[in-house]
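Below: one structure, written as structure tokens.
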Amino acid sequence: MAEPAETAYITTPIYYVNDRPHIGHAYTTTLCDIWARSMRAGGRDVFFLTGTDEHGVKVEKSARARGITPLELANENAAEFRKVMDLFELTYDDFIRTTEARHVSQVQTAVRRLLESGDVYLGEFEGWYDEGQEEYHTETKAKELGYASPISGQPLVRATQTNYFFRLSAYQERLERLFGERPDFVRPEARRNEVLGRLRDGLQDVPITRTNFEWGIPFPGDEEHVIYVWIDALMNYATAVGMCEEPDGDRSRYWPADFHVIGKEILWFHAVIWPAVLMALGLPQPGCIYAHSFWISEGQKMSKSLGNFIDLEQLQGYMSTYGTDALRYFMATQGPQGATDSDFSRAQFHETYTTDLVNTVGNCASRTSAMVDKYLGGTCPARSGEGAVGALDWSDFTSGQVREHLDAMDRFELGRAIEAAMRIIRRVDTYINETQPFKLARDPEESGQVAGILYDCLEAIRIASCLLESTMPARIAELRAAWNLGAASGDLEAECGWGRLEPGTVISKVALFPRLELEEQA
RNA sequence: GCCGAUAUAGCUCAGCUGGCCAGAGCGAGGGAUUCAUAAACCCUAGGUCGCAGGUUCGAGUCCUGCUAUCGGCACCA
């Protein structure tokens with residue numbers, strides 16, 4: 001036990017407290033949770049971070065509308081998000097809030113450093129201003145509005161404001177070099193190409209403070225200004241592990257993150273502004289910015305106007321019907337992790353559940369344990385080696401799948417990782433069909449063969465279950481209990497070694513995933 | 001408007017640098033079987049490979065045009 005465990009650090013975006021939790025939040029966090037659980041199973045020292053973004057004009061306004069303070073609103077909604085995470089049994093190690101003192105003070109420290117280094121300077125911002133509403137609109141938004149106030153109808157005017165800017169333009173070359181040297185820095189590749197395309201158009205400095213609202217972190221030394229979201233929020237990844245404390249915090253060993261997992265809508269900030277800020281602060285870059293796509297709902301884009309968000313109630317409906325693990329499996333294998341959006345439909349969910357979980361994982365474990373029960377009195381037989389029927393080298397086959405699984409998981413390719421485990425299960429089914437232990441069992445002469453075959457099946461399923469545990473922790477725990485497999489060892493690879501299943505272990509019959517009828521939605 | 005993709009069986013998609021009759025999974029239909037959650041297994045899809053041209057001995061696989069769909073277009077004050 002000489003050297004300390006290798007660290008692993010993964011983050012979700014921090015969620016805006018003014019939003020209502022929906023499938024997007026659950027999805028991103030679940031992907032991270034699966035990875036975090038897998039890394040823990042592999043013995044790594046994991047730090048899995050999530051949290052809430054609580055500042056900004058929207059929160060200020062919503063709170064005012066309800067007659068409470070912004071902090072009261074943030075407290076309320078942050079608690080709500082946290083409740084959701086716990087409901088989904090998401091195993092975050094820390095939940096950071098941008099209103100916490102530990103965050104505020106470190107952001108101010110960071111900004112002070114940037115000011116000293118010249119990466120932040122006072123400049124003039126010019127934009128389209130709505131005099132009645134006292135707010136600026138972006139160029140695109142102003143155009144959309146026809147350069148008139150959506151409230152009063154009065155024309156927007158060009159106005160200027162003094163703001164602090166981040167010298168993003170100075171980092172063009174260094175960013176290009178970063179992207180060139182690390183092709184996996186932004187994934188998937190289609191997203192990387194988008195960023196590269198925009199990078200070619202050149203970078204402008206970005207204003208990082210506002211003066212039109214107060215609910216935010218005061219700019220150190222000039223408290224008229226409030227630090228805007230793209231510094232405040234992004235910095236959470238660093239402040240949570242104490243990177244801007246003096247000296248660096250206890251958790252600084254986790255830095256930098258292996259993965260910042262985000263939705264595609266915030267790619268630019270994570271892929272360009274964030275790395276530039278880190279360069280300015282002299283901090284090492286994260287391993288990968290992984291931008292997943294979006295879920296669409298029953299073939300339609302989710303939108304506020306359609307009101308078709310897959311919300312918490314619906315997700316809870318799926319969870320209570322199919323189980324949390326089924327929802328996790330569906331999201332991880334059928335989700336928009338790649339470049340294109342994926343459809344979340346009741347029919348497809350049901351189909352995936354039935355095909356993969358009921359008919360494959362559940363049934364395979366069931367038929368195997370039933371035979372062990374029937375032919376071997378419910379105890380694990382001696383290890384095979386009868387030279388049996390199958391020409392399959394199970395040790396070789398499973399170790400290949402395990403390797404692929406671990407490799408894919410390391411690279412945050414969840415679908416490929418899970419597929420490797422599923423291949424083991426499917427191979428067991430094929431093996432049973434090929435060797436037909438249920439027929440051999442009629443002949444007492446063949447009892448050795450039967451025992452050998454069933455050992456192979458049990459052992460292969462056990463190994464597959466180790467690989468599936470990060471995705472479906474609850475059901476795999478049931479299997480562990482029914483088959484007396486004990487708790488995970490913390491060394492996933494070793495645990496997946498062929499032949500670790502002890503002969504004599506008591507094996508009970510299991511039915512992990514109940515067959516369900518597809519309920520028609522009203 | 002600009003930039004970039006994609007368009008292949010009912011559905012989701014593989015088809016890399018062009019070459020035996022265009023594939024997989026799921027669904028659907030049929031068969032056989034029983035260890036199992038009517039599950040696993042076997043057979044079945046005759047699909048203009050978006051449309052129109054072109055290059056080539058030969059093109060989903062390269063080029064051009066068109067159509068459709070999708071993504072991105074930063075300071076989201």
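Each chain gets a letter, A, B and so on, in the order its sequence line appears, and its residues count up from 1.
Distance from the side chain of A/Glu194 is smallest for B/rG71 among the nucleotides B/rA74, B/rC76, B/rG71. When the nucleotides B/rC35, B/rG71, B/rU37 are ranked by their closest atom to the side chain of A/Leu512, B/rU37 comes out on top. With B/rU37, B/rC35, B/rG72 as the choices, the nucleotide that has an atom nearest any side-chain atom of A/Ser366 turns out to be B/rU37. Candidate nucleotides B/rG72, B/rU34, B/rA74 were compared by shortest atom distance to the side chain of A/Phe438, and B/rU34 ranks first. Listed nucleotides: B/rG71, B/rA36, B/rA40. Nearest to the side chain of A/Asp429: B/rA40. Set against B/rG71, B/rC35, B/rU37, the side chain of A/Arg515 has B/rU37 as its closest nucleotide. Minimum atom distance to the side chain of A/Arg198 is reached by B/rC73, of the listed B/rC76, B/rC73, B/rG27. Comparing B/rC75, B/rA39, B/rG27 by their nearest atom to the side chain of A/Glu351 picks out B/rG27.
Here A/Arg210 reaches the OP1 or OP2 of B/rC76: one of its side-chain N or O atoms lies under 4.0 Å away. Within the 4.0 Å cut-off from OP1 or OP2 of B/rA5, not a single side-chain nitrogen or oxygen of A/Asn193 is found.
B/rU34 is unpaired under the Watson-Crick or G-U wobble criterion, no partner having all donor-acceptor distances under 3.5 Å. Of all nucleotides present, none satisfies the Watson-Crick or G-U wobble test against B/rG58 with each distance under 3.5 Å. The partner of B/rG53 is B/rC63, judged by Watson-Crick or G-U wobble contacts that both fall below 3.5 Å. A 3.5 Å limit on both hydrogen-bonding distances identifies no Watson-Crick or G-U partner for B/rA39. Checking B/rG27 for Watson-Crick or G-U wobble geometry (two distances, each under 3.5 Å) identifies no partner in any strand. When both pairing distances are held under 3.5 Å, B/rU48 makes no Watson-Crick or G-U pair with any nucleotide shown. For B/rC73, the paired base is B/rG1 (Watson-Crick or G-U wobble, both distances below 3.5 Å). With a cut-off of 3.5 Å on both pairing distances, B/rA14 has no Watson-Crick or G-U wobble partner at all.
Nucleotides B/rC41 and B/rU33 place their C1' atoms 8 Å apart, quoted to the nearest Å. The same atom, P, is picked in B/rG18 and in B/rA74; the two are 38 Å apart, to the nearest Å. One C1' atom belongs to B/rC62, the other to B/rG15, and the distance between them is 16 Å to the nearest Å. Comparing B/rU55 with B/rU8, their P atoms are spaced 27 Å from each other, to the whole Å. If you take atom C1' in B/rA28 and the same atom in B/rC20, they sit 31 Å apart, rounded to whole Å. The P atoms of B/rG10 and B/rC51 are separated by 14 Å, rounded to the nearest whole Å. The gap from the P atom of B/rU69 to that of B/rU44 amounts to 38 Å, rounded to the nearest Å. With C1' as the reference atom, B/rA9 and B/rG50 are 15 Å apart, rounded to whole Å.
Regarding A/Leu458, its CG atom lies at a distance of 15 Å from the P atom of B/rA36, rounded to whole Å. Rounded to whole angstrom, the span from the CG atom of A/Asp343 across to the P atom of B/rU69 amounts to 18 Å. Look at CG on A/Leu454: it is 12 Å from C1' on B/rA36, rounded to the nearest Å. Whole-Å rounding puts the A/Ile432 CD1 to B/rA36 P distance at 11 Å. A straight line from CG of A/Asp205 to C1' of B/rA74 spans 13 Å, rounded to a whole angstrom. Regarding A/Asn433, its CG atom lies at a distance of 11 Å from the C1' atom of B/rA36, rounded to whole Å. When the P atom of B/rU6 is taken as reference, atom CG of A/Asp341 falls 16 Å away, rounded to whole Å. One atom, CG of A/Leu267, and another, P of B/rC76, lie 17 Å apart when rounded to the nearest Å.
For A/Phe344 and A/Tyr27, the ring centers sit 6.0 Å or farther from each other. You'll find the ring centres of A/Trp274 and A/Phe185 outside the 6.0 Å limit.
At the heavy-atom level, A/Pro207 lies under 4.0 Å from base atoms of the strands shown. Note on A/Asn163: a base of the nucleic acid sits closer than 4.0 angstrom, heavy atoms only. At a threshold of 4.0 angstrom between heavy atoms, the contacts of A/Ala511 include nucleobase atoms, whether or not backbone atoms are also involved. Contacts of A/Ile208 with the nucleic acid, taken as non-hydrogen atoms under 4.0 Å apart, are absent. Using a 4.0 Å heavy-atom criterion, one finds that A/Gln436 contacts no nucleic acid atom at all. If you check every strand for non-hydrogen atoms under 4.0 Å, A/Gly362 touches a base. Within the nucleic acid shown, A/Gly216 has no heavy atom closer than 4.0 Å to any nucleic acid atom. Looking at heavy-atom distances under 4.0 Å, A/Lys374 makes contact with sugar-phosphate atoms alone, never a base. Using a 4.0 Å heavy-atom distance criterion, A/Arg191 is classed as a sugar-phosphate-only contact.
Here A/Glu173 pairs with nothing under the side chain to side chain donor-acceptor pair (under 3.5 Å) rule; sequence neighbours left out. Under the rule for a side chain to side chain donor-acceptor pair (under 3.5 Å), the partners of A/His270 that lie at least two apart in sequence or sit in another chain are A/Tyr237.
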### Query
What do the steps show when you test A/Ser293 against A/Arg191 for side chain to side chain donor-acceptor pair (under 3.5 Å), and what is the final call?
CA-CA 10 Å; A/Ser293 297; A/Arg191 297 290 163 220; 3.2 Å; yes
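A/Tyr228 and A/Asn163 share no donor-acceptor pair across their side chains, judged by distance under 3.5 Å alone. With hydrogens and angles left out, the side-chain atoms of A/Arg515 and A/Asn359 include a donor and acceptor closer than 3.5 Å. Of the N and O atoms on the side chains of A/His103 and A/Thr98, not one donor lies less than 3.5 Å from an acceptor on the other residue.
Ionic pairing of A/Asp341 and A/Lys264 is present here: one or more N-O contacts between side-chain nitrogen and carboxylate oxygen are shorter than 4.0 angstrom. Under a 4.0 Å N-O distance rule, the pair A/Arg416/A/Glu419 does not qualify as a salt bridge. Using a 4.0 Å cut-off between a side-chain N of Lys or Arg and a carboxylate O of Asp or Glu, A/Arg198 and A/Glu194 do not qualify as a salt bridge.
Residue side chain A/Gln204 reaches the base of B/rC75 through a donor-acceptor N/O pair under 3.5 Å, judged by distance alone.
Applying the 90° criterion around 0 to the glycosidic angle, B/rG72 comes out anti.
The aromatic rings of A/His22 and A/Phe309 sit tilted relative to each other, their planes meeting at an angle between 30° and 60°.
The stretch residues 226-237 of chain A touches RNA chain B through A/Tyr228, each having a heavy atom within less than 4.0 Å of the strand.
Where A/Asn359 and A/Leu168 meet RNA chain B, the nucleotide closest to each residue was compared, and A/Asn359 sits on the side nearer the 5' end. Residues A/Thr355 and A/Val358 both approach RNA chain B. Their nearest nucleotides, taken by heavy-atom distance, put A/Thr355 toward the 5′ side.
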